[in-house]
Every structure is written in structure tokens, then in C-alpha cells.
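This report refers to the structure that appears directly beneath it.
All of these numbers come straight from a predicted model, not from anything done at the bench. Values below: every heavy atom of this structure, side chains too, minus hydrogens, waters and symmetry copies.
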Amino acid sequence: MATIKIKQIKSKIGAPKDQKATLQALGLRKISQVVEKEDTPVIRGMILKVHHLVEVVK
């Protein structure tokens, strides 16, 4: 299956608890950290939830 790279571009400080938990579930802990996940509807939904804190890297 295809993969997708996700990069954290903003701090989670001041974000609600559910968004912090979503970043943690994605495996993102630091700004500029990049993780590679399988491209599934679940991961896409998590990205949409924190779209203002992350970006999808090609």
C-alpha cells in the first residue's frame, strides 16, 4: 500500500488535548520531525484534525 510522509510544522503548545493526542498517535513529538505512515482513511482523518500543525511532504 502507498505511504504518506507527515511533517510537524507548528508547536502543539496551546493546542487542545485531543489534538495533542492525535499528534502523539501519529508519532510526532518535535517540530520538523517527519514520519512515514500508510495512506489509509484513518491516517487521513488524523491529518485533517491537526491540518494546521502538520503538512504532507512529497
Side-chain angles (χ1 to χ4, degrees):
M1 188 167 222
T3 60
I4 188 168
K5 289 185 180 180
I6 310 156
K7 179 179 182 179
Q8 184 175 347
I9 56 169
K10 285 193 169 182
S11 174
K12 63 183 175 184
I13 295 174
K17 286 183 181 182
D18 60 336
Q19 291 178 7
K20 289 180 183 181
T22 301
L23 285 174
Q24 184 177 2
L26 285 170
L28 294 167
R29 296 177 296 142
K30 300 179 180 180
I31 296 175
S32 298
Q33 182 179 4
V34 178
V35 294
E36 192 168 353
K37 298 286 184 180
E38 284 194 30
D39 190 6
T40 64
V42 173
I43 297 297
R44 290 283 180 160
M46 293 170 83
I47 292 170
L48 282 176
K49 184 168 186 138
V50 292
H51 71 277
H52 57 289
L53 302 175
V54 299
E55 71 179 5
V56 176
V57 181
K58 298 218 177 207

- Query: Is there a side-chain contact between Lys7 and Ser32 (heavy atoms, below 4.5 Å)?
  - Reply: yes
How far does [atom1] of [X] sit from [atom2] of [Y], to the nearest 0.5 angstrom?
X     : Y     : atom1 : atom2 : result
Leu28 : Ile9  : CG    : CD1   : 11.0 Å
Lys20 : Ser11 : NZ    : OG    : 8.5 Å
Lys37 : Leu26 : NZ    : CG    : 6.5 Å

- Item | Exercise: do Glu36 and Thr3 side chains pair donor with acceptor under 3.5 Å | yes
- At their closest point, which heavy atom of Val34 faces which heavy atom of Lys5, and how far apart are they? CG1-CB, 4.1 Å
Just list the side-chain donor-acceptor pairs under 3.5 Å for residues 40-58, sequence neighbours left out, or say none.
| residue | atom | partner | partner atom | Å |
| --- | --- | --- | --- | --- |
| Thr40 | OG1 | Ile43 | N | 3.3 |
| Arg44 | NE | Asp39 | OD1 | 2.7 |
| Arg44 | NH2 | Asp39 | OD1 | 3.4 |
| Arg44 | NH2 | Asp39 | OD2 | 2.9 |
| Lys49 | NZ | Asp18 | OD2 | 3.2 |
| His51 | ND1 | Leu48 | O | 2.9 |
| His52 | NE2 | Gln19 | OE1 | 3.2 |

